[in-house]
K.L.:
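Structure in structure tokens, see below.
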Amino acid sequence: MAFWWPIIVLAFAYAICRFLLMLIPPNVPSIDVDASDVLDDGNQTQENSFIYIPPRGRTQQSDRKVQCYEPATMKYLGFFPALTPAEVEERVAQARTAHKIWAKSSFKQRRQFLRILLKYIIEHQELICEVSSRDTGKTMVDASLGEIMTTCEKITWLLSEGEKWLRPEYRSSGRSMLHKKSKVEFHPLGVIGAIVSWNYPFHNIFNPMLAAVFSGNGVVIKVSEHASWSGCFYFRIIQAALAAVGAPENLVEVITGFAETGEALVSSVDKIIFVGSPGVGKMIMANAAETLIPVTLELGGKDAFIVCEDVDIPHVAQVAVRAALQSSGQNCAGAERFYVHRDIYNSFVNQVTKIVKSVSAGPPLAARYDMGAICLQEHSEKLQHLVDDAVDKGAEIVARGSFGHLSEGAVDQFFPPTVLKNVNHTMKLMQEETFGPIMPIMKFDSDEEVVKLANDSRYGLGCAVFSGSQRRAKDIASQIHCGVAAVNDFASTYMCQSLPFGGTKDSGFGRFAGVEGLRACCLVKAVVEDRWWPYIKTKIPKPIQYPVAENGFEFQESLVEALYGLNIWDRLRALVNVLKIISEQNPVATSKKND
């Protein structure tokens with residue numbers, strides 16, 4: 001016992017010291033970001049105070065301007081230039097120059113950059129959420145959940161584990177290379193390109209930027225034409241934090257534009273990350289093939305939400321409504337297909353109906369509404385078409401939420417939260433990505449049936465399975481062909497930023513987030529070196545040196561069996577033969593030398 005006491009005391013003292021160090025606040029400077037032009041304080045100039053009426057039936061691309069407006073009120077926000085291919089190439093070239101400097105930066109400097117960002121985000125949550133709300137129509141609560149928490153979680157994970165996963169990783173050298181050290185090194189790729197969607201304007205910029213910059217890259221991000229106003233403000237935060245740590249200018253760029261701008265970006269960078277639709281994703285792949293750069297595609301989903309008969313119905317119903325209506329359906333990992341066991345089907349539908357009827361939608365900054373506006377122009381027409389198709393094929397609308405006060409010009413930007421029962425897979429609503437506040441609920445009879453139904457989709461992003469038996473829920477989830485799965489929860493996988501995020505089938509391929517996403521921003525290099533240099537060096541055995549000896553192949557046969565034979569005695573016998581052949585070669589070589 002006397003032997004263990006010093007160890008216990010040292011361990012206790014170490015723990016106390018670590019705890020005391022945690023009490024010392026880190027020295028993180030504050031940054032100043034000009035937000036005077038994004039605050040809705042009622043003092044906008046006349047130029048930016050009118051109601052914007054988007055042209056129907058045509059795009060803005062011919063105007064060379066990205067027009068921005070609040071979808072919840074149609075209030076005009078301003079415009080940004082649609083960059084030409086030449087301008088995009090110039091931005092990428094500037095980021096490439098900056099990357100060469102930043103690639104040599106220390107992890108200490110990179111962590112300080114993250115801490116500055118984290119401090120600003122925590123101190124300015126309301127501002128960040130309000131900007132996101134104004135540009136996309138989501139509520140402040142939804143912005144906090146999807147923008148702030150996910151980004152803070154990613155930063156915290158990178159601070160804690162990022163360096164660990166980018167350090168060289170030593171691997172086993174195998175039997176034939178025991179005298180070697182083997183490792184994998186992770187070097188910056190260069191300039192990462194990202195084309196991101198509008199649904200989470202803050203997080204969709206910070207997500208690829210954080211991984212790219214922390215791994216030593218430059219990054220150029222094309223924001224969606226539907227969220228350029230907020231994206232350009234969030235860029236100011238990044239610029240200020242980079243300047244605070246002495247990073248080179250132009251390391252991060254945010255660009256605006258349309259398809260032409262995105263195509264130019266794909267053609268200029270060393271890797272492309274795309275978040276968007278399958279159709280555009282295929283075009284991204286085709287363009288990336290011209291320069292053979294790696295591609296990560298996150299192309300949306302049609303996630304299944306499965307409810308077994310042994311659940312707590314009120315609890316799961318509340319989670320289901322949140323999953324369906326979150327951000328007015330503006331979440332790329334939103335549940336869009338609901339499968340409920342026949343034994344509780346009616347009870348579950350009744351509980352969901354009660355919740356949805358209490359949900360109100362309206363301008364998110366005007367009053368306390370549960371749901372905001374739809375960001376995309378004319379999208380409500382598509383949603384109504386999907387509902388009409390389902391009703392025509394036998395579905396029944398059982399509940400619709402209510403609207404608050406809507407301005408005349410913004411009526412088309414809202415869609416009531418809607419619950420349908422008696423749906424089936426012949427309906428477009430169960431096959432096409434909805435991106436809207438609609439809950440189609442279908443019944444099932446057995447676990448085998450619901451697995452088949454869940455897999456009957458062109459998408460394969462995620463799923464959520466609820467059961468009173470965790471083993472049963474895990475078994476069902478394991479059989480669903482998708483990239484992320486939550487057991488007795490919804491979307492929790494994305495809050496675990498150590499996990500990779502991505503899908504399969506028409507949901508795309510490749511992963512961002514987690515170790516896999518971080519290392520995907522790197523050139524992965526395999527390195528082998530001598531373990532005991534210069535004392536033991538690799539030499540080619542005499543029998544297989546040029547000119548190869550007559551028994552060279554016999555030597556190889558014996559060497560292979562000595563290294564990899566299944567039976568220890570066969571391996572020993574082969575080893576004896578290897579040594580015999582080598583010893584026979586040495587006298588011959590010696591005699592030739594003497595001659």
Side-chain angles (χ1 to χ4, degrees), residues 96 98-114 154-193 207-219 245 247-248 251 269-273 291-296 483 496-502 509-541 544-545 556 559-565 571 575 578:
R96 196 176 302 283
H99 142 72
K100 293 176 181 178
I101 301 171
W102 184 251
K104 301 174 184 178
S105 63
S106 66
F107 283 111
K108 179 180 180 181
Q109 186 180 11
R110 299 177 196 179
R111 277 194 295 270
Q112 184 71 340
F113 168 63
L114 298 188
K154 187 178 188 74
I155 293 174
T156 303
W157 178 77
L158 283 170
L159 286 170
S160 175
E161 299 186 36
E163 180 179 356
K164 167 187 173 183
W165 297 111
L166 292 176
R167 288 291 186 190
E169 182 178 284
Y170 285 86
R171 305 279 180 90
S172 63
S173 297
R175 292 179 178 178
S176 64
M177 294 287 128
L178 284 174
H179 58 297
K180 299 286 188 177
K181 287 192 295 184
S182 304
K183 63 181 178 180
V184 181
E185 294 179 346
F186 303 94
H187 300 275
L189 272 175
V191 178
I192 307 295
N207 183 38
M209 181 278 298
L210 290 167
V213 171
F214 193 81
S215 53
N217 296 283
V219 59
V245 297
L251 181 67
V269 295
D270 302 301
K271 174 189 171 69
I272 193 71
I273 300 170
T291 50
L292 290 178
I293 60 170
V295 178
T296 295
C496 299
Q497 280 290 313
S498 63
L499 297 177
F501 183 82
F509 58 82
R511 298 294 183 266
F512 54 75
V515 180
E516 294 78 3
L518 184 61
R519 288 178 169 179
C521 294
C522 299
L523 168 64
V524 180
K525 182 182 291 185
V527 179
V528 176
E529 58 183 302
D530 287 307
R531 191 183 298 274
W532 296 292
W533 175 269
Y535 306 106
I536 297 180
K537 304 177 183 178
T538 300
K539 291 186 177 181
I540 300 174
I544 58 174
Q545 289 183 6
Q556 276 300 116
L559 180 62
V560 169
E561 187 170 8
L563 288 170
Y564 310 113
R571 290 174 62 189
L575 178 61
V578 166

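Counting from 1, the numbers follow the sequence of the chain as shown.
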K.L.:
Compare all side-chain heavy atoms of Phe186 with those of Val524 and state whether any distance is below 4.5 angstrom.
P.N.:
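Yes, side chains in contact.
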K.L.:
Looking only at heavy atoms, which two atoms of Gln556 and Ile544 are closest? And how far apart?
P.N.:
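Closest approach of Gln556 to Ile544, heavy atoms only: OE1-CD1, 3.7 Å.
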K.L.:
Is it the case that atom CG in Leu178 sees more than 12 heavy atoms from other parts of the structure closer than 6.0 Å?
P.N.:
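Buried by this count: over 12 neighbours within 6.0 Å.
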K.L.:
Is the shortest side-chain N to carboxylate O distance from Asp530 to Lys180 below 4.0 Å?
P.N.:
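Salt bridge between Asp530 and Lys180, a charged N being under 4.0 Å from a carboxylate O: yes.
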K.L.:
Hey, could you give me the NZ/CH2 distance between Lys181 and Trp533, rounded to the nearest 0.5 Å?
P.N.:
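The distance works out to 13.0 Å.
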K.L.:
Starting from the C-alpha separation in whole Å, work towards a yes-or-no answer on side chain to side chain contact (heavy atoms under 4.5 Å, CB included) for Arg96 and Asp270.
P.N.:
CA-CA 10 Å; Arg96 196 176 302 283; Asp270 302 301; 2.6 Å; yes
K.L.:
Where do Val219 and Ala212 come nearest, in terms of heavy atoms and distance?
P.N.:
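The answer is CB-CB, 3.9 Å.
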K.L.:
Write down the atom of Gly565, the atom of Arg571, and the distance for their closest heavy-atom approach.
P.N.:
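Gly565 and Arg571 have their closest heavy atoms at O-CD, 2.9 Å.
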K.L.:
Locate the shortest heavy-atom distance separating Pro188 from His99; write the atom from each residue and the value.
P.N.:
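Answer, listing the atom of Pro188 first, then His99: CB-CE1, 3.7 Å.
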K.L.:
On the six-membered ring of Phe113, is Arg110 placed so that its NZ or CZ lies under 6.0 angstrom from the centre and within 45° of the ring axis?
P.N.:
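Output no; distance or angle outside limits.
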K.L.:
Give the minimum heavy-atom separation between Ser498 and Trp157, together with the two atoms involved.
P.N.:
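Distance-wise, the nearest heavy atoms are CB-NE1, 3.4 Å.
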K.L.:
Can you tell me how far apart CE (Met209) and CD1 (Ile192) are? Round to the nearest 0.5 Å.
P.N.:
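That separation rounds to 13.5 Å.
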K.L.:
Would you indicate whether the side-chain heavy atoms of Val528 and Ser173 approach each other to under 4.5 Å?
P.N.:
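Answer no - side chains too far apart.
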K.L.:
Are the side chains of Tyr564 and Ser176 in touch, meaning some heavy atoms are under 4.5 Å apart?
P.N.:
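Counting from C-beta outward, Tyr564 and Ser176 do come under 4.5 Å.
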K.L.:
What distance separates Lys525 NZ from Glu185 CD, expressed to the nearest 0.5 Å?
P.N.:
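That separation rounds to 6.5 Å.
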K.L.:
In Å, rounded to the nearest 0.5 Å, how long is the span from OG1 of Thr538 to CE of Met177?
P.N.:
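The CE atom of Met177 is 6.0 Å from OG1 of Thr538, to the nearest 0.5 Å.
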K.L.:
Quick one: are Leu159 and Arg111 in side-chain contact, heavy atoms under 4.5 Å?
P.N.:
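Contact flag for Leu159/Arg111 side chains = yes.
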K.L.:
Please answer whether the main-chain N or O of Ala211 pairs with a side-chain N or O of Ser215 as donor and acceptor at a distance below 3.5 Å.
P.N.:
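Looks like yes, one N/O pair under 3.5 Å.
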K.L.:
Hey, does the side chain of Arg519 reach the backbone of Trp165 with a donor-acceptor pair shorter than 3.5 angstrom?
P.N.:
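Checking the backbone N and O of Trp165 against the side chain of Arg519, a donor-acceptor pair under 3.5 Å is found.
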K.L.:
Going from CD on Glu163 to CG on Leu158, what distance comes out if it is rounded to the nearest 0.5 angstrom?
P.N.:
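One gets 11.5 Å once the value is rounded to the nearest 0.5 Å.
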K.L.:
Indicate the atoms forming the closest heavy-atom contact of Ala247 with Trp102, along with that distance.
P.N.:
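Heavy atoms of Ala247 and Trp102 come nearest at CB-CZ3, 3.6 Å.
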K.L.:
Determine whether Phe501 and Asn207 satisfy the following criterion, side chain to side chain contact (heavy atoms under 4.5 Å, CB included), listing intermediate values before the conclusion.
P.N.:
CA-CA 11 Å; Phe501 183 82; Asn207 183 38; over 6 Å; no
K.L.:
Let me confirm one number: the CD1-CZ distance from Ile536 to Arg531, rounded to the nearest 0.5 Å.
P.N.:
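It comes to 10.0 Å.
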